[in-house]
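See structure below.
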Amino acid sequence: MLPYVDENTLEWLDILGKGLMFVAAAMLLLGVIGAVAVATSSSDIELVGQFQQQNRGTFAAGVLGAGITSAGVLAGLGAIVRLLVARQRSGE
């Protein structure tokens, strides 16, 4: 159990947990949008151009994987914070 935490701090931590969950949803959405953008783009940038033309599907899968991973990490952190706040409020 955590040491005593006043109700105002618990409220802010609960808001932080909810915010992390919403940001996780946004990251998941941005990951999907990024993967679609990469898969359908026709970039003429010399450095990225050849890599993207040859392995566009792999690059899009990597972008989608990064979005899913970051969303999972943020959602996990948000859930942990909210569970700790709920446990502190219940007095266990």
Side-chain angles (χ1 to χ4, degrees):
M1 185 163 150
L2 296 173
Y4 174 75
V5 180
D6 65 343
E7 188 60 34
N8 189 29
T9 304
L10 286 176
E11 188 63 34
W12 279 108
L13 286 172
D14 195 39
I15 291 170
L16 174 67
K18 288 178 185 177
L20 285 170
M21 299 290 256
F22 285 121
V23 170
M27 287 300 297
L28 184 60
L29 181 65
L30 288 174
V32 170
I33 291 171
V36 169
V38 167
T40 60
S41 70
S42 58
S43 177
D44 290 337
I45 300 174
E46 212 167 297
L47 179 63
V48 180
Q50 284 187 350
F51 174 76
Q52 201 172 23
Q53 287 173 0
Q54 294 171 0
N55 299 313
R56 187 173 291 149
T58 306
F59 195 59
V63 170
L64 181 62
I68 291 171
T69 302
S70 62
V73 168
L74 290 171
L77 289 174
I80 290 170
V81 169
R82 295 200 65 205
L83 286 172
L84 287 174
V85 167
R87 188 170 121 190
Q88 184 72 21
R89 284 185 174 155
S90 71
E92 286 184 6

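Basis for what follows: all heavy atoms, side chains included, without hydrogens, waters or symmetry-related copies.
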Extract all donor-acceptor atom pairs below 3.5 Å that involve side chains of residues 11-25 and protein atoms in other chains or at least two apart in sequence.
unit_1: Glu11; atom_1: OE1; unit_2: Arg89; atom_2: NH2; d: 3.1
unit_1: Asp14; atom_1: OD1; unit_2: Arg82; atom_2: NE; d: 3.2

Name the atoms and distances for all side-chain donor-acceptor pairs under 3.5 Å in residues 59-79, with sequence neighbours left out.
unit_1: Thr69; atom_1: OG1; unit_2: Gly65; atom_2: O; d: 2.7
unit_1: Ser70; atom_1: OG; unit_2: Ala66; atom_2: O; d: 3.1
unit_1: Ser70; atom_1: OG; unit_2: Gly67; atom_2: O; d: 3.1

Salt bridge (Lys or Arg N to Asp or Glu O under 4.0 Å) contacts touching residues 57-66 (sequence neighbours left out): none
Just grab all the salt bridge (Lys or Arg N to Asp or Glu O under 4.0 Å) pairs involving residues 60-78, residues at least two apart or on different chains. none
If a pair satisfies salt bridge (Lys or Arg N to Asp or Glu O under 4.0 Å) and one of its residues is in residues 57-66, list it, with sequence neighbours excluded. none
Show which residues join Ile33 in its hydrophobic cluster (side-chain heavy-atom contacts under 4.5 Å, direct or indirect), or state none. Leu29
Are Val81 and Val5 in one and the same hydrophobic cluster, where Ile, Leu, Val, Met, Phe, Trp and Tyr link if side-chain heavy atoms are under 4.5 Å apart? yes
